Amino acid sequence: MADKKISDAELEILEVLWSAGEALSANEIRIRLNQKKDWERTTVLTLIRRLLDKGVISQEKREVYYYTPCMERSAYVKEETRSFVNKFFRGSAKNLAAALIADEDMSREEIEELRTYFRESFY
């Protein structure tokens, strides 16, 4: 999926499917989206079609079509993070961490939380 860019709007469809934890129809997706968006039915169908074309979701015919993501959210986040690090930090997680720490908006508490996380995760 690394070569298939997902738009922000398509990601919203995926987020609905991931949070549902089960296959949803286009109408069910639209109902859940409309809690924060007011998208037309055709917009939702277009986004679903794009995700199908990219192989990111699959469909199953029942009384209507139901859609399921082909990848777990955690795997998608990991892939996007790797792409981000490669693009902006020459593939170096160390460069990313340095950029985060050098950020003037990062508090000492947040820096300490990062230190603790690294210590607990790798030792």
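Worth knowing before you read on, the calculation uses all heavy atoms, side chains too, and leaves out hydrogens, waters and symmetry mates. Since this is a predicted model, take the numbers as computed values, not measurements.
- The two residues Leu45 and Ala26 make their nearest non-hydrogen contact at CD2-CB, 3.6 Å.
- Ser58 OG to Leu51 CG: the interatomic distance, rounded to the nearest 0.5 Å, is 11.0 Å.
- Remark: side-chain polar atoms of Ser121 are not paired, donor with acceptor, to backbone N or O of Phe118 under 3.5 angstrom.
- Annotation for Ala23 and Glu28: closest pair O-OE1, 4.2 Å, computed over non-hydrogen atoms.
- The shortest heavy-atom contact between Pro69 and Leu17 is CD-CB, 3.8 Å.
- Interatomic distance, Leu14 CG to Ile48 CD1, rounded to the nearest 0.5 Å: 10.5 Å.
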Scan the side chains in residues 88-95 for donor-acceptor partners under 3.5 Å anywhere in the protein, sequence neighbours excluded, and list what turns up.
from	atom 1	to	atom 2	distance (Å)
Ser92	OG	Lys94	N	3.3
Ser92	OG	Asn95	N	3.0
Asn95	ND2	Phe89	O	3.4

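- The side chain to side chain donor-acceptor pair (under 3.5 Å) analysis of residues 35-46, with sequence neighbours excluded, yields the pairs Glu12-Lys37.
- Separating the CD1 atom in Ile6 from the CD atom in Glu79 is a distance of 9.5 Å, to the nearest 0.5 Å.
- Atom CD1 of Ile31 is separated from atom OG of Ser25 by 7.0 Å, given to the nearest 0.5 angstrom.
- Put simply, CG on Leu33 and CD1 on Ile13 are 4.5 Å apart, with the number rounded to the nearest 0.5 Å.
- Using a 4.0 Å cut-off between charged nitrogen and carboxylate oxygen, Lys5 and Glu10 do not count as a salt-bridge pair.
- For the atom pair Arg49 CZ and Leu47 CG, the distance stands at 12.0 Å (nearest 0.5 Å).
- Every residue two or more places apart in sequence or in another chain that forms a salt bridge (Lys or Arg N to Asp or Glu O under 4.0 Å) with Arg73 is listed here: Glu15.
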Checking Phe84 against Leu96 for the side chain to side chain contact (heavy atoms under 4.5 Å, CB included) test, could you report, in this order, the C-alpha distance in whole Å, the side-chain angles of both residues, the deciding distance, and whether it holds?
CA-CA 9 Å; Phe84 176 79; Leu96 168 62; 4.1 Å; yes
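- Criterion: ILVMFWY side-chain heavy atoms under 4.5 Å apart, direct or through other members. Under it, Trp18 and Val77 are not part of a common hydrophobic cluster.
- Nearest heavy atoms, Lys54 versus Ser7: NZ-N, 4.5 Å.
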Which pairs of donor and acceptor atoms, one on a side chain in residues 60-68, lie under 3.5 Å apart (sequence neighbours left out)?
from	atom 1	to	atom 2	distance (Å)
Glu60	OE1	Arg62	NH2	3.4
Glu60	OE2	Arg62	NE	3.4
Glu63	OE2	Tyr66	OH	2.9

May I have the step-by-step check of side chain to side chain contact (heavy atoms under 4.5 Å, CB included) for Glu22 and Leu24, ending in yes or no?
CA-CA 6 Å; Glu22 62 181 339; Leu24 297 175; 4.3 Å; yes
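- Remark: Asn86 engages Arg82 in a side chain to side chain contact (heavy atoms under 4.5 Å, CB included) (not counting sequence neighbours).
- Here salt bridge (charged side-chain N to carboxylate O under 4.0 Å, His left out) pairs that include residues 110-120, with residues two or more places apart or in two chains, are Glu112-Arg115, Glu112-Arg119.
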